[in-house]
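Note that these values count all heavy atoms, side chains included, but never hydrogens, waters or copies made by symmetry. Chain letters run A, B, ... following the sequence lines, proteins first and then strands; every chain starts at 1.
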Amino acid sequence: MTGHEDVYVVGAARTVFGRFDGEDNDLAEEAVRGALADAGITWSDVQFAVGGTNGETKPDNLVARLGLTGLPFVTVKNGCATGGVALMTARNGLIADGAEIACVVGYDNHARGAFNASPSRYGIGDWYGETGMMVTTSYFALKIQRYLHEHGIDPRTLGYAAEKAFSYASDHPYAWRRKPVTVDEAMDADLINDPLTRFMFCSPDAGAVSLVLARGPRAFDMCDRPVRLASVALRGRRPGSFEVFSTWLSPGERTSPSIDAAKAAFSAAGISPADVQVAQLQDTDSGAEIMHLAETGLVEHGAQTAGYLDGDYLVDGRLPVNTDGGLLANGEPVGASGLRQVHEVVRQLQGRADGQQVPGGPTVGFTHVYGAPGISACTVLTTEGR
Amino acid sequence: MAVRIVDETLFASTDPPTLRGSRCEACGAHVFPAIGSCPMCAGVDVAPVALPDHGVVWSWTTQHFAPKPPFRTDGFEPFSIGYVDLGPVIVEGWLVGRTQWTIGEPVRLVLAHAWTDDGEAVHTFAFEPGDAQ
Ligand SMILES: [Zn+2]
């Protein structure tokens, strides 16, 4: 029985990800109009909106294109977790403000190449950038190098993850990098940062995703197959986490905001990681997917390799993961990335996946974003009846 | 050639090189570079401390492409970066002398040439292979 406090996704749309020459707002508008059409409503029906981007445009100014309806429009900017935070803000807004229908949009249009961060924005001296340590790819490499060592994981697992991502993407019409890559090709490609090659990193690119949310029971009037946002949880780093641009780490137990956010999301939803039938995990690099499989509680530390070899993470496996190709194949328009994950899981649970469809009518999905400077947002999505 | 240290505040001493961190009086946590509060316990009673100059490689990678500015170099060659476990704290820094490393191998703190700036050699801290102590 659905209650008034329950929030559902009743519309979802995304753009093709990749390089984009137009204005950021063109992307955002395309996604919003797509989501509104998917929900069968117009902008005038939306009572609360949230927009997320890490670029220079102001999401709340989208009303100049969509319509000056006077609705409250909140802007969020939380790095790689922007999409997750935008979704959480919309959910909270619906519940707190008594609105029935909310719209969320996330978008970005990044320049080519690795993200270039300024030390002072992270509270670090100029020396860190001048000596070449302010580099995101070296962070990912340092983190997975240690993780592989601690858990005795075969580095070839990095190649399995890359092969899987591009295999899914080759069937997904909205993915950016859709050419299949074999494990050998991934392993033998140019090293970016040991042990990671160029097929094992995602790149910044462009894209937008939008979702329409509605409260039950209104959601069931609007949509044949609404997907319940059973929980969304956001957590920051605690002592012992290993984050990008860390000049030092504490010895001892390692923690992670991903562990905490996943635990909180599963607990709030009353669902166990073992119940998940389709998952989207932050795979900024191949290693991140491997670590996040375990940090979210979906797979035991050290058991990831067997999962790849046994086909567990493929569409007909035990736990299909990153079924749209993930970040590796979609790239990372930061503001859109977390909502892309939700979009994919919603479509899977509705039985209308854009790419490979998980068979058997999956009813429980999970998404996980993670990013600088140590934040993670997770959602649990379900298809419970009215 | 005249020598300049990339950032004097990183060092308790430069001859021999010793890094300057801070230690929390309340929980004992060590941080590098030194800061005025403790992120581990949220305490504010912290004091500067000289960090050990020997440790072991905790993780490593080799940078195979030239970072974007503000990276400074006299000519890019792949170089290694690692986290070195000094005991009370794990510190990120250059690993010099090779481009392949093993987790757990002993290293020691040195000064290394980073780039040349207007006829002045700029040195930074780095770790090179060395015996455990
Ligand atoms: Zn403390």
Side-chain angles (χ1 to χ4, degrees), chain A residues 111-120 123-150 189-198 201 237-252 254-255 287 373-374, chain B residues 5-10 19 21 27 29-33 35 38-42 51 57-73 76 78-94 99-104 112 114-115 117 122 124-126:
Chain A
R112 238 163 246 275
F115 287 115
N116 194 24
S118 137
S120 63
I124 309 173
D126 290 341
W127 64 275
Y128 194 67
E130 289 171 343
T131 57
M133 290 200 274
M134 193 97 195
V135 179
T136 52
T137 56
S138 62
Y139 158 69
F140 296 122
L142 287 160
K143 192 167 181 179
I144 190 60
Q145 187 92 283
R146 179 70 194 184
Y147 186 84
L148 295 176
H149 171 82
E150 275 183 6
D190 297 337
L191 279 168
I192 302 290
N193 281 92
D194 312 56
L196 299 170
T197 71
R198 67 186 172 88
F201 281 106
R237 61 184 157 155
R238 291 188 291 120
S241 75
F242 182 177
E243 307 303 339
V244 69
F245 310 144
S246 293
T247 54
W248 63 280
L249 300 172
S250 61
R254 294 260 80 81
T255 67
Chain B
I5 300 298
V6 68
D7 186 337
E8 297 276 355
T9 67
L10 301 175
L19 296 176
C27 77
H30 286 60
V31 169
F32 171 78
I35 55 175
C38 175
M40 302 295 278
C41 76
L51 299 177
V57 173
W58 186 85
S59 189
W60 69 275
T61 187
T62 294
Q63 181 74 33
H64 288 273
F65 68 93
K68 291 179 183 175
F71 176 60
R72 307 282 300 269
T73 179
F76 175 76
F79 64 95
S80 297
I81 291 172
Y83 279 93
V84 174
D85 189 345
L86 299 176
V89 65
I90 299 167
V91 164
E92 186 179 19
W94 283 9
T99 54
Q100 289 287 314
W101 301 80
T102 305
I103 290 176
W115 75 91
D117 195 3
V122 180
T124 189
F125 69 94

Kindly determine whether A:Val135 and B:Phe65 satisfy side-chain contact (heavy atoms from CB on, under 4.5 Å), including the steps that lead there. CA-CA 10 Å; A:Val135 179; B:Phe65 68 93; 4.0 Å; yes
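Taking CD of B:Glu8 as the reference point, atom CH2 of A:Trp127 lies at 14.0 Å (rounded to 0.5 Å). Once rounded to the nearest 0.5 Å, the distance linking CE of A:Met133 with CH2 of B:Trp94 reads 8.0 Å. In this structure, CZ in A:Phe242 is found 8.5 Å from CD1 in B:Ile90, a value given to the nearest 0.5 Å.
Counting heavy atoms from C-beta outward, B:Ile103 and A:Glu150 have side chains that stay 4.5 Å or more apart. Within the 4.5 Å cutoff, no side-chain heavy atoms of B:Trp58 are placed close to those of A:Pro251.
When all heavy atoms of A:Arg146 and B:Ser59 are compared, the closest pair comes out as N-OG, 3.5 Å. Taking every heavy atom of both residues into account, A:Leu191 and B:His64 meet most closely at O-CB, 3.3 Å. Taking every heavy atom of both residues into account, B:Pro39 and A:Trp248 meet most closely at CG-CZ2, 3.6 Å. Closest non-hydrogen pair, B:Thr61 versus A:Leu142, comes out as N-CD2, 3.6 Å. For the residue pair B:Tyr83 and A:Ser246, the shortest heavy atom distance occurs at OH-O, 2.7 Å.
Your options are B:Thr124, B:Thr73, B:Leu10, and the one with the most heavy-atom pairs under 4.5 Å with chain A is B:Leu10. No other option in B:Thr9, B:Ile81, B:Thr62, B:Asp7 has as many heavy-atom pairs under 4.5 Å with chain A as B:Thr62. Comparing B:Phe79, B:Trp115, B:Phe71 by how many heavy-atom pairs each has under 4.5 Å with chain A, the most go to B:Phe71. Chain A forms more heavy-atom pairs under 4.5 Å with one residue of B:Gly104, B:Pro33, B:Pro78 than with any other, namely B:Pro33. Considering only heavy-atom pairs separated by less than 4.5 Å from chain B, the leading option among A:Ile124, A:Asp190, A:Ile192, A:Asp194 is A:Asp194.
Every side chain to side chain contact (heavy atoms under 4.5 Å, CB included) that A:Asp126 has, sequence neighbours left out, goes to A:Glu130.
For B:Phe76, no part lies near chain A; criterion is any non-hydrogen pair under 4.5 Å. Neither the backbone nor the side chain of A:Tyr147 comes within contact range of chain B, judged by heavy atoms closer than 4.5 Å.
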